[in-house]
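For reference, the structure discussed in these notes is given below.
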Amino acid sequence: MSLESYKKALENQRIRQRKFNPEETPEQDEPRGHVETEYVLVESQSGSRRIGALVTFILLVAILMVAAIKNPSESESRKLVNNYIVEKINDKLRDEMTNEENDGLKQLGAFIGMTFSSHILEYLSETEVNDCVLFSTFNCKAKREDSSITIAKGIILFGKVIPLKTDLNLK
């Protein structure tokens, strides 16, 4: 090993020591009293978790606010449920009306049923609505003297009717 390579190796070792031990005073390279230090900013894990938790909380609050705003009143909920049921009945009657295998009398009956389905539903059914802040529950029953049949039972969330139970045979 030559003297020059020894000096370079010694100088490189001093530089490495200064990087790992900034408290040591440098020798010949810098004037006395001046110490060069490197500050490394490290983002803590807890900071990113806090931001993630804050974003999650804000999204949750926003979803709850939208649910509370979009929740209809009790009378609007009754109308939504009745319109939903009438729409489903009309879909079935439309299928019967456009079925080529049915004779003219069945098609005429389906047409008359589509025309008066909303009035028949109002006359034959009773809709109970429990209005909450974020959602509403409903129970639409057919009026019968001896027993009751659940036409549809479910919730209204974000202004949409979501039926969960029915006692009717849909076929």
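Values below: all heavy atoms of this structure, side chains included; hydrogens, waters and symmetry mates excluded.
- Considering all non-hydrogen atoms of both residues, V129 and R78 come closest at CG2-CG, 3.7 Å.
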Determine all donor-acceptor pairs shorter than 3.5 Å in which one atom belongs to a side chain in residues 153-165; sequence neighbours excluded.
none

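- Between I85 and I151 there is a side-chain heavy-atom pair separated by less than 4.5 Å.
- The pair D103-K106 does not meet the salt-bridge criterion, since no charged nitrogen lies less than 4.0 angstrom from a carboxylate oxygen.
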D91 and R94: CA distance, side-chain angles, deciding distance, salt bridge (Lys or Arg N to Asp or Glu O under 4.0 Å) verdict: CA-CA 5 Å; D91 286 343; R94 190 174 297 115; 3.0 Å; yes
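- Using a 4.5 Å heavy-atom threshold, the side chains of F57 and V61 count as touching.
- Distance alone, capped at 3.5 Å, places no donor-acceptor pair between the N99 side chain and the D95 backbone.
- I63 and V133 fall within the same hydrophobic cluster, where Ile, Leu, Val, Met, Phe, Trp and Tyr residues are linked whenever their side-chain heavy atoms come under 4.5 Å apart, directly or through other members.
- A salt bridge does not link K8 to E4: none of the charged side-chain nitrogens sits closer than 4.0 Å to a carboxylate oxygen.
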Compile the donor-acceptor pairs under 3.5 Å between side chains in residues 112-125 and protein atoms, sequence neighbours left out, one pair per line.
residue, atom, partner, partner atom, Å
T115, OG1, F111, O, 2.8
S117, OG, N90, OD1, 3.0
S117, OG, M114, O, 3.4
S125, OG, L121, O, 2.5

Step-by-step side-chain contact (heavy atoms from CB on, under 4.5 Å) determination, E126 to E128: CA-CA 7 Å; E126 176 180 295; E128 298 172 7; 3.8 Å; yes
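- Contacts classified as side-chain hydrogen bond (donor to acceptor under 3.5 Å, both in side chains) and involving residues 59-72 (residues at least two apart or in different chains) are given here: N71-D131, N71-S136.
- Cluster annotation: M97 is connected to I89 through the hydrophobic network of ILVMFWY side chains, with a link wherever side-chain heavy atoms come within less than 4.5 Å.
- To the nearest 0.5 angstrom, F138 atom CZ is 9.5 Å from L80 atom CG.
- Residues S77 and E74 fail the side-chain proximity criterion, which asks for heavy atoms closer than 4.5 Å.
- You'll find the side chain of R14 reaches within 4.5 Å of the side chain of L10, heavy atoms only.
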